[in-house]
There are 2 protein chains.
Amino acid sequence: MPQGYSLEPVVQESTPSIIARKLRYAIAHGEVAPGSQLGEAELARELGVSRGPLREAMQRLTQEGLLVSIRNRGLFVIEMTDAEIRDMYVLRTAIESAACKLLVRADHVAAGNDLLAKVAKMENASNAGDRAAMSDADLAFHEDLVALSGSRSLARIHSTLMTETRMCLTVLQASYRGTEEWIAEHRGIAEAILDGNGPLAELRLGEHEDDALARLTNSPSEPASVSIA
Amino acid sequence: MPQGYSLEPVVQESTPSIIARKLRYAIAHGEVAPGSQLGEAELARELGVSRGPLREAMQRLTQEGLLVSIRNRGLFVIEMTDAEIRDMYVLRTAIESAACKLLVRADHVAAGNDLLAKVAKMENASNAGDRAAMSDADLAFHEDLVALSGSRSLARIHSTLMTETRMCLTVLQASYRGTEEWIAEHRGIAEAILDGNGPLAELRLGEHEDDALARLTNSPSEPASVSIA
DNA sequence: AGCGATAGAATTGTAAACAATTGACAGATG
DNA sequence: CATCTGTCAATTGTTTACAATTCTATCGCT
């Protein structure tokens with residue numbers, strides 16, 4: 001077997017899948033504003049595909065909750081209210097907490113070290129003053145947290161949440177002030193996992209996501225998660 | 001304004017949505033076996049629609065994880081291995097636990113009574129020896145648990161999990177022996193919520209879902225959830 | 001007899017044309 | 001002058017036809 005080529009099975013990604021991925025990226029990165037309409041004809045021309053596959057891709061994104069469909073009117077990018085963002089974080093915390101539970105019962109040492117490496121990346125981005133890299137590293141941390149749990153179900157749901165989160169970050173131009181504290185929170189989670197202390201990891205995770213929520217929404221409101229102490 | 005007509009806005013459900021709903025039901029109730037192929041032409045003829053809307057519905061179900069697509073081969077109903085069923089229950093437990101957390105912070109008395117009413121329905125079905133009604137009441141309990149939490153995010157994810165659960169129940173012809181214990185578990189959860197005891201509700205929920213898992217899978221394996229004590 | 005290649009059939013992926021519904025603007029009417 | 005109605009333009013929803021890819025079965029060869 002020739003080295004250098006990881007002979008993975010050729011992934012014949014379907015056209016709707018490609019379109020969905022591109023649109024997801026565009027929405028996540030604010031290239032299309034929330035609330036704006038996505039005209040079929042225009043998009044099809046832009047992407048160089050016909051309306052059939054495009055509509056199929058739209059259905060996927062609608063199912064994911066990134067678009068809302070109004071019959072005979074068109075498809076629109078979701079506009080998330082503060083309440084909806086809070087609700088999203090309820091789900092996100094639920095998913096990541098479950099991932100923590102799984103992690104501490106698996107190889108939590110390897111996972112913890114892996115996550116600490118991601119924290120180091122955040123520090124580098126922070127020192128360089130690179131806001132975009134900071135966001136990337138932040139999201140990568142949480143994505144890894146779930147990926148390392150080995151649960152396909154959790155990962156699938158979580159990936160859609162990450163695009164929504166990215167969208168909020170982009171749109172709201174979330175301020176990354178208090179960076180040191182921000183990094184410390186991530187490190188705290190990683191260390192709790194390294195120690196195999198599941199409840200502590202979940203507790204810190206809950207507090208961390210409450211902080212994140214406070215940065216994204218105006219009303220402080222009640223925290224999304226509660227202490228299990 | 002004429003009485004007798006509740007003049008709610010007419011909801012024009014889109015054709016793909018209708019198709020998706022019908023297919024979901026068919027899959028959940030074992031009318032199409034797991035692993036079987038869904039031919040476009042045949043389905044379109046059966047449902048009286050053309051391939052366009054049908055394909056859009058398929059994309060939705062694929063996104064939900066009920067179907068898997070193999071390019072140029074077709075769409076197939078998922079076959080869940082024991083490992084995948086366990087993984088699904090990890091997610092399900094995560095969602096329902098989060099719902100418990102929300103519930104005890106809201107009107108947990110009303111919610112608890114509501115859930116106890118569902119338990120009563122289970123008892124009736126049990127006494128009547130009606131297995132189908134038993135399944136319905138079982139699923140209705142868990143559906144309400146999430147619905148009462150008021151979280152749209154949780155409800156959306158949970159609804160897809162319920163169809164998958166129903167599919168497993170149907171396919172595996174899950175035995176409902178030990179019905180008394182089964183009902184008692186549900187009652188325990190409802191009472192914990194009635195009392196506003198979140199941690200206890202989550203604990204009992206976790207044990208309950210482990211039991212459910214044991215009925216569905218062959219290998220006992222390790223429990224999906226861990227005690228938080 | 002077993003293996004390989006080739007041809008055929010079936011199915012999916014794509015595209016373009018057609019039909020139906022909606023929203024807005026303009027004109028008529030009280 | 002305000003309001004209602006009718007027409008028009010634009011967009012979506014649906015259907016039909018066509019192209020490309022893949023599986024299968026048969027035929028020939030070793």
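Only heavy atoms go into these numbers, but all of them, side chains included; no hydrogens, no water, no symmetry mates. Here the structure is a predicted model, which means the values were calculated and not measured. By convention in this document, chain letters (A, B, ...) are assigned in the order of the sequence lines, proteins followed by strands, and residues within each chain are numbered from 1.
When the side-chain nitrogen and oxygen atoms of A:R71 are compared with OP1 and OP2 of C:dT21, none of them lie within a distance under 4.0 Å.
By the 4.0 Å N-to-carboxylate-O rule, A:D136 lies close enough to A:R166 to be salt-bridged with it. A salt bridge links A:D114 and A:K118; the closest N-O separation between the charged side-chain nitrogens and carboxylate oxygens is under 4.0 Å.
Atom CD of A:E56 is separated from atom C1' of D:dG13 by 14 Å (rounded to the nearest Å). Straight-line distance from the CZ atom of B:R51 to the P atom of D:dT14: 15 Å, rounded to whole Å. Atom CG in A:N72 sits roughly 6 Å away from atom C1' in D:dT12 (whole-Å rounding). When the C1' atom of D:dT15 is taken as reference, atom CG of B:L54 falls 13 Å away, rounded to whole Å. Counting to the nearest Å, the P atom of D:dG13 and the CD1 atom of B:I19 are 13 Å from each other. Counting to the nearest Å, the P atom of C:dT22 and the CG atom of A:L75 are 16 Å from each other. Rounded to whole Å, the distance from CG on A:L43 to P on D:dA10 is 19 Å. Note: CD1 (B:I70) to P (C:dT12) measures 11 Å, nearest angstrom.
Side chain of B:R60 to backbone of B:R55: no donor-acceptor contact under 3.5 angstrom is found.
Residues satisfying the side chain to side chain contact (heavy atoms under 4.5 Å, CB included) criterion with A:E31, sequence neighbours excluded, are A:Y25, A:A26, A:H29.
Ranking D:dG13, C:dT22, D:dT16 by closeness to the B:S50 side chain, first place goes to D:dT16. For B:E40, counting side-chain heavy atoms from C-beta on, the closest listed nucleotide (C:dT12, D:dG13, C:dG23) is C:dT12. In the set D:dT15, C:dT12, D:dG13, D:dT15 carries the atom at the smallest distance from any side-chain atom of B:P53.
Within 4.0 Å (heavy atoms only), A:Q37 reaches sugar-phosphate atoms of the nucleic acid but no base atom. Across all strands shown, B:L38 has heavy atoms under 4.0 Å from sugar-phosphate atoms exclusively, and none from any base. Contact annotation for B:G52: base contact, defined as any heavy-atom pair under 4.0 Å involving a base atom.
Positionally, the nearest nucleotide of DNA chain C for B:G74 lies more toward the 5' end than for the other of B:G74 and A:R73.
Between B:W182 and B:H208, the angle of the ring planes lies from 30° to 60°, which puts this pair in the tilted group.
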